[in-house]
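Take a look at the structure set out below.
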Amino acid sequence: MTLVIQFSYFAAALLFILGLKAMASPLTARKGIIWAGVGMVIATVATFFEPVIVGTTNYVLILLAIAIGGAFAYVTAKKVAMTDMPQMVAIYNGLGGGSAGLIAAVSLAKAQRELHTVAQDEAAAVAASHNLPMDAALRLVDAGSIGAWMGIDVAILALLGAVIGTVAFSGSVIAWAKLDGRMKRNKLVSGHQWVNIALAIATVLLGIWVFFAGTGWPIFLFFVAAFLVGIFVTTPIGGADMPVVISLLNALTGLAVGFKGYVLGNPALIIAGIVVGAAGMLLTHLMAKAMNRPITNVLFSGFGASPDAGGEGPEGEMKEVGPDDAAYMMGFAEKVIIVPGYGMAVAQAQHKVWEMVELLEEQGVEVKFAIHPVAGRMPGHMNVLLAEAGVPYDKIFDMEEINAEFASTDVVLIIGANDVVNPAAKTDESSPIYGMPILDVDEADNVLVVKRGRGAGFSGVENHLFFDEKTRMVFGDAQKVVNGMIQTVKTM
Amino acid sequence: MIEGMTGVIAIYVFMLSAVAGYEVISRVPVILHTPLMSGSNFVHGIVVVGAMAALGMAQTPLEQALGFLAVLLGAGNAVGGYVVTERMLEMFKTSDKDKKQGAK
């Protein structure tokens with residue numbers, strides 16, 4: 001039986017790796033998640049036959065917990081809108097981290113209980129042989145430490161997993177609350193940086209205390225401190241840095257799960273956890289690089305935290321046109337590139353945009369979509385939104401693939417994007433976004449910008465491109481504006 | 001540490017898993033970053049298996065309560081992660097595949 005269980009874990013680990021590999025290409029992606037799903041089912045079913053699981057009550061509790069947790073997650077995951085995906089990814093990640101933290105809590109509580117029993121037995125023996133009262137005997141007995149009882153390596157991994165998992169849990173909850181618009185504040189106390197450092201040190205010290213302790217209190221305080229670290233580290237982070245943080249928390253949960261695998265002696269947990277941990281670290285790095293922000297900047301200085309953006313005020317004025325004029329420009333062009341941004345996502349305009357593109361293509365216009373790595377709220381989130389509207393993925397291009405094409409493009413239509421097309425990132429060293437790679441929209445012959453108002457973008461930086469000679473502004477809600485364009489294109 | 005697994009082997013497993021994770025992601029197009037992040041999020045839902053073992057070993061009400069919560073959260077991670085990833089990946093299709101199978 002043990003062999004069958006072990007083989008099931010092996011099969012699950014293999015399916016996870018193959019599944020993730022398949023998910024790395026749009027053609028095989030769906031197969032990938034199904035393989036990984038099969039692996040998960042195999043591993044879960046096999047675990048029911050684990051000899052370590054004892055007692056009918058425990059079996060009932062396991063089934064009950066899976067039913068409740070699974071059903072709740074299923075319903076919420078089915079209901080959520082595509083635009084709200086990032087915060088859902090954050091919250092499900094947080095659940096995994098919390099689970100890893102709680103597993104550590106169980107093993108630490110178990111070690112503590114066993115130590116207590118051993119001490120009681122020894123004290124009883126001493127009390128009997130020396131004719132002492134029990135409480136005096138207890139004082140004579142060395143209770144031993146959790147670290148020695150669990151084994152030094154296992155104890156350290158259990159404690160590490162506990163910290164990482166708990167931080168991932170509370171951090172993810174904050175990330176979810178922020179992305180969901182439930183939490184706006186970026187500051188909990190003054191001197192945030194110092195509080196973070198103090199909490200981190202406290203967590204480490206409490207961890208060491210737990211290691212050498214034989215009682216329960218340090219364990220509780222240790223988890224409280226780790227929980228607070230997650231909250232305090234995540235709170236100051238906002239906006240475009242959020243996806244990087246979610247990716248980092250995702251990697252951390254993977255790592256915590258891997259460490260739990262060592263503690264529980266389960267290779268499926270080790271392999272799946274470490275694979276996700278490594279993949280997540282790389283993904284985090286790629287995202288941070290796409291914004292040209294070192295990960296330390298993301299963690300220790302909020303984007304929104306620098307209120308006054310540098311750079312001198314724009315010269316010239318914005319030239320406004322109506323949706324109909326804009327539609328004519330595109331209808332008579334040979335090649336149009338659309339740059340969607342968060343503004344399009346908020347207005348839920350992606351379906352309308354695709355409808356317009358289909359009409360333009362009937363007119364013989366070549367249309368492509370250009371996606372900046374940080375468009376939307378997560379890398380790839382914009383692609384998901386476009387895919388939801390039915391845009392085939394081979395019409396969607398990464399920044400690196402399409403940047404050279406702007407020079408040969410007649411019209412670029414920017415919908416609700418600002419910072420990702422701001423030439424200041426290339427030219428103005430005083431700008432906070434200086435150095436961030438951008439879409440070279442300014443090289444096209446004409447630029448159309450759909451925007452709700454005249455305000456600056458997310459980073460608070462004015463965009464000189466909007467005041468340029470070849471730029472025309474179409475003010476209004478993206479959904480309404482594009483609808484207007486569709487009506488005009490239909491009449492052409 | 002792990003029955004039948006010496007410290008050195010444990011480090012090998014760690015290293016090889018890390019390399020596998022790195023390789024899987026290193027050449028991913030940006031358009032798949034979010035689904036892939038969600039997919040890897042689903043994979044660490046395997047934590048539910050560890051939570052089941054932890055709850056299975058529990059002997060006191062405190063341990064059972066903690067273990068119960070661990071399984072509950074782990075199951076939420078796995079199921080939620082799977083459903084959102086599946087929903088996102090469902091949307092990818094090519095334009096030359098114009099057979100319109102259940103087109104939206």
Side-chain angles (χ1 to χ4, degrees), chain A residues 16-17 20-21 23-24 26 29-30 33 37 43 47 52-53 58 61-62 65-66 69-70 73-74 77 88-89 92-93 95-96 98-100 102-103 105-106 109 153 250 253-254 257 260 264-265 269 271-272 274-276 278-279 282 373 378-381 383-384 387-388 390 392-394 398, chain B residues 1-3 13-14 17-18 20-22 24-25 28 30-34 36-41 43-47 49-58 62-63 66-86 88-89 91-95 104:
Chain A
F16 287 152
I17 295 175
L20 278 176
K21 183 80 198 152
M23 258 181 261
R30 269 200 89 182
I33 184 69
T47 306
V52 293
I53 302 183
N58 284 352
L61 285 175
I62 289 174
I66 291 180
Y74 183 85
M88 288 321 274
V89 174
Y92 295 134
N93 173 50
L95 297 182
S99 183
L102 285 162
I103 294 172
V106 175
D153 45 3
N250 186 30
T253 306
V257 171
K260 288 306 105 184
L264 296 165
L269 252 64
I271 296 171
I274 304 300
V275 164
V276 169
L282 179 61
M378 247 189 202
H381 184 214
N383 306 78
V384 173
E388 184 199 15
Y393 73 78
D394 46 11
D398 291 353
Chain B
M1 177 173 290
I2 291 166
E3 299 96 281
V13 173
F14 187 95
S17 306
Y22 190 92
V24 160
I25 296 264
V28 179
V30 176
I31 67 164
L32 280 170
H33 274 183
T34 294
L36 197 63
M37 196 200 291
S38 175
S40 60
N41 187 9
V43 167
H44 67 52
I46 188 73
V47 71
V49 165
M52 287 165 72
L55 174 53
M57 287 186 278
L62 173 71
E63 288 168 31
L66 292 172
F68 183 82
L69 267 179
V71 178
L72 191 111
L73 297 186
N77 181 182
V79 174
Y82 184 86
V83 175
V84 292
T85 311
E86 221 278 328
M88 282 194 255
L89 292 177
M91 293 166 180
F92 286 98
K93 51 181 186 247
T94 42
S95 58
K104 251 191 111 170

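When each of A:Ala77, A:Ala272, A:Ala278 is checked for heavy-atom pairs under 4.5 Å with chain B, A:Ala77 comes out on top. Ranking B:Leu73, B:Leu62, B:Val71 against chain A, the residue ahead of the rest is B:Leu73, based on heavy-atom pairs under 4.5 Å. Chosen from A:Ile66, A:Val106, A:Val52, A:Asn250, the residue pairing most often with chain B at heavy-atom distances under 4.5 Å is A:Asn250. Per-residue heavy-atom pair counts under 4.5 Å with chain A were compared for B:Ala20, B:Gly81, B:Gly50, and the maximum is reached by B:Gly50. The choice from B:Ser40, B:Ser38, B:Ala54, B:Ala53 that makes the most heavy-atom pairs within less than 4.5 Å of chain A is B:Ser40. Of the listed residues (A:Leu282, A:Ile53, A:Val384, A:Ile17), the greatest number of heavy-atom pairs within a distance under 4.5 Å of chain B belongs to A:Leu282.
In this structure, the separation between OG1 on A:Thr47 and CE on B:Met52 is 5.0 Å, given to the nearest 0.5 Å. Note that CE of A:Met23 and CE of B:Met88 are 10.5 Å apart. Values are rounded to the nearest 0.5 Å. The CG atom of A:Leu95 lies 8.5 Å from the CG atom of B:Leu72; values are rounded to the nearest 0.5 Å. Rounding to the nearest 0.5 Å places OH of A:Tyr92 at 10.0 Å from OG1 of B:Thr85. Rounding to the nearest 0.5 Å places CD1 of A:Ile62 at 10.5 Å from CZ of B:Phe68. The distance from atom CD1 of A:Ile103 to atom CE of B:Met57, rounded to the nearest 0.5 Å, is 9.0 Å.
In this structure the side chain of B:Leu36 reaches within 4.5 angstrom of the side chain of A:Leu20, judged on heavy atoms. Contact annotation: the side chain of B:Val43 never approaches that of A:Val275 to less than 4.5 Å [non-hydrogen atoms, C-beta and beyond]. Looking only at side-chain heavy atoms (C-beta outward), B:His44 and A:Asn93 come within less than 4.5 Å of each other. A heavy-atom distance below 4.5 Å is found between the side chains of B:Glu86 and A:Arg30.
Only the side chain of A:Asp398 has a heavy atom closer than 4.5 Å to any heavy atom of chain B. Interface remark: A:Lys21 contributes backbone and side-chain atoms alike to the contact with chain B (heavy atom separation under 4.5 Å).
A donor-acceptor pair is defined here as one N or O able to donate and one able to accept, closer than 3.5 Å; such a pair exists between the side chain of B:Asn41 and the backbone of A:Val89. For the pair A:Asn58 (side chain) and B:Leu55 (backbone), a donor-acceptor distance under 3.5 Å is present.
The two atoms that bring B:Gly76 and A:Ala73 nearest to each other are O-CB, 3.4 Å, heavy atoms only. Among all heavy-atom pairs drawn from B:Ala70 and A:Ser99, the shortest one is O-OG, 2.7 Å. Nearest heavy atom pair, residue B:Ala75 against residue A:Ala65, reads CB-O, 4.4 Å. When all heavy atoms are compared, the tightest approach of B:Ile25 to A:Ala279 is CG1-CB, 3.2 Å. B:Ile46 and A:Ala43 make their closest contact through CD1-CB, 3.6 Å (heavy atoms, listed as atom of the first residue, atom of the second, distance). Residue B:Val83 comes nearest to A:Tyr74 through the heavy atom pair CG2-CD1, 3.7 Å, listed as atom of the first residue, atom of the second, then distance.
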